[in-house]
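Below is one structure, written out as structure tokens; comments come after it.
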Protein chains: 2
Amino acid sequence: EHILVSGAALKKDLTRVTIKSVPDRPGIAAKIFGDIAAANIVVDDIIQNVMDDNTAHISFTVEHGDLQDIKPVVDRLCTELGARTAPIYHGDLAKVSVVGVGMRAHTGVAQRMFKALADGHINIQNITTSEIKISCIIDREQGNMAIQIVHDAFELEKVK
Amino acid sequence: EHILVSGAALKKDLTRVTIKSVPDRPGIAAKIFGDIAAANIVVDDIIQNVMDDNTAHISFTVEHGDLQDIKPVVDRLCTELGARTAPIYHGDLAKVSVVGVGMRAHTGVAQRMFKALADGHINIQNITTSEIKISCIIDREQGNMAIQIVHDAFELEKVK
Ligand SMILES: C[C@@H](O)[C@H](N)C(=O)O
Ligand SMILES: C[C@@H](O)[C@H](N)C(=O)O
């Protein structure tokens, strides 16, 4: 298999907010990120999965985020949305990514990355992908190990 | 605000599979995509959100996917994983994306996209992002309208 991965990257300090069971109807995502943009919170990734009960779970990550700034905005937002459960805040996260071209056509790239992390006993909390990138959110203290594992799995240049 | 969006894209025919409440421990994602890669299913996006009860919801999309090929693989996989609920299969989807540079720093880009789709009564089912791209999965029959809405919202060249 012609491996298409050309590099790897690590973001070492992320905080994740998960708002569970938001109503799955037009305007909700706009409201959430309208309030977040208005509070000058810079979002790294947005990850939303729709369920089959007319709700969706939506997470976003913030780099070097400060919960003291984020929590009041999100708590108020959840009250306004009538969210049934409290938001979940989780700091001390990292994001390890592989980048390359034409990754899309290779489910094998994803599988190789996930398998390499699993063999290193690294738990994958979130996954997001695009044509050129596969990213996994993991515990921050496993970040350095994870980027090394991924470099080895795809035979990339040694981590400097 | 200096809008950084340089283009928009539409994928018109996607099928989504959601496996709910998979065990949140190392090796599960590798097992899922190992089986999927072995069945020669080409995955478009992977979207995983972790919950706070040691489980995760993981979705993947397949372009021009045929459920007759996908369902037997995923059903068997769910049995082997001991998933508590049946997987959710959903065809007739589309993905509308905006692309640009430095998008990350602009939560406002996401909010503008979500607001434009909401004003067009388009429901956003899944969201994935990267530094250069924000993608929303929507109903297939709203795809053409959505790409037009997004072009207008970011004052891009008219859709050909
Ligand atoms: C959940 C949220 O994304 C909603 N479906 C919307 O379109 O805004
Ligand atoms: C849910 C799944 O991603 C699991 N946490 C893993 O690492 O494989």
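Labels below follow one simple rule: chain letters A, B, ... track the order of the sequence lines, proteins then strands, and each chain is numbered from 1. In this text the structure is predicted, and so the values were computed from the model without any measurement. All heavy atoms count here, side chains included; hydrogens, waters and symmetry mates do not.
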### Task
Output every pair passing salt bridge (charged side-chain N to carboxylate O under 4.0 Å, His left out) with a member in residues 116-128 of chain A, not counting sequence neighbours, ordered by first then second residue.
A:Lys115-A:Asp119
### Query
Does the side chain of A:Glu131 reach to within under 4.5 Å of the side chain of B:Lys133, using non-hydrogen atoms?
yes
### Query
Is there side-chain contact between A:Thr129 and B:Thr128, with at least one heavy-atom pair below 4.5 Å?
no
Which donor-acceptor pairs under 3.5 Å do side chains of residues 26-43 of chain A form with protein atoms, sequence neighbours excluded?
from: A:Lys31; atom 1: NZ; to: A:Asp35; atom 2: OD2; distance (Å): 3.1
from: A:Lys31; atom 1: NZ; to: A:Glu80; atom 2: OE1; distance (Å): 2.5

In terms of hydrophobic clusters joined by side-chain contacts under 4.5 Å, are [X] and [Y] together?
X        : Y        : result
A:Tyr89  : A:Leu81  : yes
B:Ile134 : B:Ile137 : no
B:Leu156 : B:Met113 : yes
B:Leu10  : B:Phe114 : yes
A:Ile58  : B:Leu93  : no

Please table the atom pairs, donor to acceptor, closer than 3.5 Å between any side-chain atom in residues 48-56 of chain A and protein atoms at least two apart or in another chain.
from: A:Gln48; atom 1: NE2; to: B:Ile124; atom 2: O; distance (Å): 3.1
from: A:Gln48; atom 1: NE2; to: B:Gln125; atom 2: O; distance (Å): 2.9
from: A:Asn49; atom 1: OD1; to: B:Ser59; atom 2: OG; distance (Å): 2.7
from: A:Asn49; atom 1: OD1; to: B:Asn126; atom 2: ND2; distance (Å): 2.9
from: A:Asn49; atom 1: ND2; to: B:Ile47; atom 2: O; distance (Å): 3.0
from: A:Asn49; atom 1: ND2; to: B:His57; atom 2: O; distance (Å): 3.4
from: A:Asp52; atom 1: OD1; to: B:Lys20; atom 2: NZ; distance (Å): 2.9
from: A:Asp53; atom 1: OD1; to: A:Thr55; atom 2: N; distance (Å): 3.2
from: A:Asp53; atom 1: OD1; to: A:Thr55; atom 2: OG1; distance (Å): 2.6

### Summary
Between the OG atom in B:Ser135 and the CD1 atom in A:Ile46, the distance rounded to the nearest 0.5 Å is 11.0 Å
### Message
Rounded to the nearest 0.5 Å, what separates atom CD1 in A:Ile127 from atom CG in B:Asp45?
### Response
11.5 Å
### Residues from residues 64-76 of chain B approaching chain A under 4.5 Å (heavy atoms)
none
